[in-house]
Amino acid sequence: VQLQACGGGLVQAGGSLRLSCVDSGSFFSINAMGWYRQAPGKQRELVARITDSGSTDYADSVKGRFTISRDNAKNTVYLQMNSLKPEDTAVYYCKADRPPSVVAGPGLSRWGQGTLVTVSS
């Protein structure tokens, strides 16, 4: 069961990118999904998160510029990144948090592989 992230690349400051993360597992619709990032020499940090009901939360540094969304029919979570800044440069990771349930069993958290976003000034 994998989380496959893609969409990273090199972009100039002010540009846009859209990251995608496809979950090959079951019960995607009940997962909370998140995007995290880790810049060189820094700790991994939460960028944005979306619950199973569609509620969203963002890091202060990306509010108004980034939008997280999900398509349960495609088992995919997206991160639309606009007005990119050099300080957004990082490896971006998606994460799935499945709550415990009678149908799905114990709770489970999974990380995808990262996708590199580089923003040039």
Side-chain angles (χ1 to χ4, degrees):
V1 178
Q2 292 184 332
L3 295 171
Q4 185 71 36
C6 64
L10 174 64
V11 64
Q12 288 188 332
S16 298
L17 283 174
R18 188 175 83 152
L19 306 183
S20 301
C21 177
V22 180
D23 187 354
S24 65
S26 302
F27 308 111
F28 176 82
S29 63
I30 69 171
N31 291 341
M33 300 297 298
W35 286 99
Y36 293 72
R37 67 186 181 187
Q38 188 166 18
K42 295 187 177 181
Q43 290 188 331
R44 191 172 298 187
E45 64 175 359
L46 174 68
V47 176
R49 195 168 184 265
I50 185 167
T51 67
D52 60 335
S53 62
S55 297
T56 58
D57 190 27
Y58 296 91
D60 288 342
S61 59
V62 307
K63 282 181 181 176
R65 300 188 297 123
F66 291 10
T67 302
I68 188 170
S69 61
R70 65 189 297 159
D71 185 339
N72 289 342
K74 295 181 179 180
N75 278 23
T76 302
V77 62
Y78 304 96
L79 185 67
Q80 178 65 45
M81 305 186 294
N82 299 328
S83 302
L84 282 161
K85 304 175 180 180
E87 51 264 43
D88 295 318
T89 295
V91 178
Y92 284 71
Y93 300 87
C94 60
K95 184 186 181 192
D97 292 310
R98 191 185 74 205
S101 71
V102 172
V103 175
L108 179 67
S109 292
R110 292 174 290 125
W111 289 94
Q113 96 293 355
T115 185
L116 177 63
V117 172
T118 304
V119 184
S120 63
S121 58

Item checked: Donor-acceptor contact present, side-chain R98 to main-chain P106, <3.5 Å -> yes
Item checked: Audit row: Y93, L19, side chain to side chain contact (heavy atoms under 4.5 Å, CB included) steps and yes/no -> CA-CA 10 Å; Y93 300 87; L19 306 183; over 6 Å; no
Notebook entry, point to check: Could you state the interatomic distance from CZ (R44) to CZ (R37), rounded to the nearest 0.5 Å?
Noted result: 13.0 Å
Checklist line | L116 side, atom CG; T89 side, atom OG1 - distance, nearest 0.5 Å | finding: 8.0 Å
Note to self: Distance check, rounded to the nearest 0.5 Å: D52 atom CG versus F27 atom CZ?
What the structure shows: 14.0 Å
Margin query: Please check: side-chain N/O of S24 versus main-chain N/O of Q2, any donor-acceptor pairing under 3.5 Å?
Written below: yes
Check: Would you say the SG of C21 sits less than 2.5 Å from the SG of C6?
Finding: no
Next item on the list: Answer yes or no: is there a donor N or O on one side and an acceptor on the other, between the side chain of Q38 and the main chain of A90, under 3.5 Å?
Entry: no
Notebook entry, point to check: Rounded to the nearest 0.5 Å, how far apart are NZ of K85 and OG of S121?
Noted result: 14.0 Å
Margin query: Which heavy atom of V91 sits nearest to which heavy atom of G114, and what is that distance?
Written below: CG1-CA, 3.6 Å
Margin query: A side-chain contact here means heavy atoms from C-beta on lying under 4.5 Å apart; do L84 and F66 qualify?
Written below: yes
Check: Can you name the nearest heavy-atom pair linking V117 to G8, along with the distance?
Finding: CG2-CA, 4.1 Å
Check: Donor-acceptor pair, T56 side chain versus I50 backbone, under 3.5 Å?
Finding: no
Check: Got R65 and D88 here, is their nearest side-chain heavy-atom distance under 4.5 Å?
Finding: yes
Next item on the list: Provide the closest heavy-atom pair for Y58 versus A48 in the form atom of the first, atom of the second, distance.
Entry: CD2-CB, 3.6 Å
Check: Would D60 and K63 count as a salt bridge (Lys or Arg N to Asp or Glu O under 4.0 Å) if you check the C-alpha gap in whole Å, the side-chain angles of each, and the deciding distance to 0.1 Å?
Finding: CA-CA 5 Å; D60 288 342; K63 282 181 181 176; 3.1 Å; yes
Item checked: Nearest heavy atoms of I30 and P99, plus distance in Å -> O-CD, 3.2 Å
Check: Shortest non-hydrogen contact from G34 to I68?
Finding: CA-CD1, 4.5 Å
Check: When you measure from the side chain of D71 to the backbone N and O of T76, does any donor-acceptor pair fall under 3.5 Å?
Finding: no
Next item on the list: Give the minimum heavy-atom separation between D97 and S109, together with the two atoms involved.
Entry: OD1-OG, 2.5 Å
Next item on the list: Look at the aromatic rings of W111 and Y36 and report parallel, tilted or perpendicular, splitting at 30° and 60°.
Entry: perpendicular
Next item on the list: Evaluate the criterion side chain to side chain contact (heavy atoms under 4.5 Å, CB included) for residue pair K95 and L46; output intermediate values, then yes/no.
Entry: CA-CA 10 Å; K95 184 186 181 192; L46 174 68; over 6 Å; no
Item checked: Stacked cation flag R70 on F28, 6.0 angstrom / 45 deg -> yes
Checklist line | Linked, directly or transitively: V77 and L108 (ILVMFWY side chains, under 4.5 Å) | finding: no
Next item on the list: Sort out for me which residue in K74, R110, Q4 forms a side chain to side chain donor-acceptor pair (under 3.5 Å) with D23.
Entry: R110
Checklist line | Check: T67 main-chain N/O paired with Y78 side-chain donor or acceptor under 3.5 Å | finding: no
